[in-house]
Amino acid sequence: GDVIWLRGGVYAGDFESTLLGSPTRQVVVRRYVGEWATIEGRLTARGEYTTYWGFEIRQADALATDLPALEAYTPGGRFVNLVVHDAGENGISFRPEFGVSELYGCIVFNNGNDQGLDQGIYAPSDPGVEAKWIRDNVVFNNLASGIQVFGDESHPIMRNVHVVGNISF
């Protein structure tokens, strides 16, 4: 149930979060009221039941990296009102390992340096996930496509991925 406030400014580097909340007491990471916080690099979100809310993630030079701006592995995680752009690979790789997770109200644009591979939101149908919600996001000008949800030999069954109310162009 804790809140971690990101003060205004630019935080440069690659960050990994392993915060542990619970289904009834999410940990919340959000920008401080009235200030703008930016991660210049990459955020890898692991842990469980953590909400990331209302800040920016970008990469200074999309051609210099082949990494997503946000790698979202957090079971029970929520990614709310983020601005994600100019990543060298996918803007958001949305891959929780179990539970119900949500990507909501984000603006995702200008991601990718490989025309055939890099999406704004990349969300495979992972086994063991109860539900993966991709709702009310605006996704545009990404190199390959806006939102890619798929199954393949490593993700053989498309299930429990809900893509609702998004705008992609």
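This chain uses plain numbering: 1 for the first residue, then up along the sequence.
When all heavy atoms of P68 and A87 are compared, the pair lying nearest together is C-CB, 4.2 Å. Summarising the geometry of T50 relative to L19, their closest heavy-atom pair is OG1-O, 3.3 Å, with the distance given to 0.1 Å. Scanning both residues, A37 and L6, for their nearest heavy atoms gives CB-CB, 3.7 Å. The two residues I121 and L103 come nearest to each other via the heavy atoms CD1-CD2, 3.6 Å.
Side-chain contact between V108 and V138 is absent, with no heavy-atom pair separated by less than 4.5 Å. When side chains are defined from C-beta on, F79 counts as touching F94, because their heavy atoms get closer than 4.5 Å.
Residues satisfying the salt bridge (Lys or Arg N to Asp or Glu O under 4.0 Å) criterion with R30, sequence neighbours excluded, are absent altogether.
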message: Determine whether T65 and Q59 satisfy the following criterion, side chain to side chain donor-acceptor pair (under 3.5 Å), listing intermediate values before the conclusion.
response: CA-CA 8 Å; T65 181; Q59 294 174 350; 4.5 Å; no
query: Could you walk me through whether T38 and E56 pass the side chain to side chain donor-acceptor pair (under 3.5 Å) check?
result: CA-CA 5 Å; T38 300; E56 176 183 22; 2.6 Å; yes
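Remark: R7 qualifies as a cation-pi partner of Y32 under the 6.0 Å distance and 45° angle criteria applied to the six-membered ring.
For R31 (side chain) and G54 (main-chain N/O), a donor-acceptor pair under 3.5 Å exists by modelled atom type. With hydrogens and angles ignored, the 3.5 Å screen pairs a side-chain donor or acceptor of S101 with a backbone N or O of G76.
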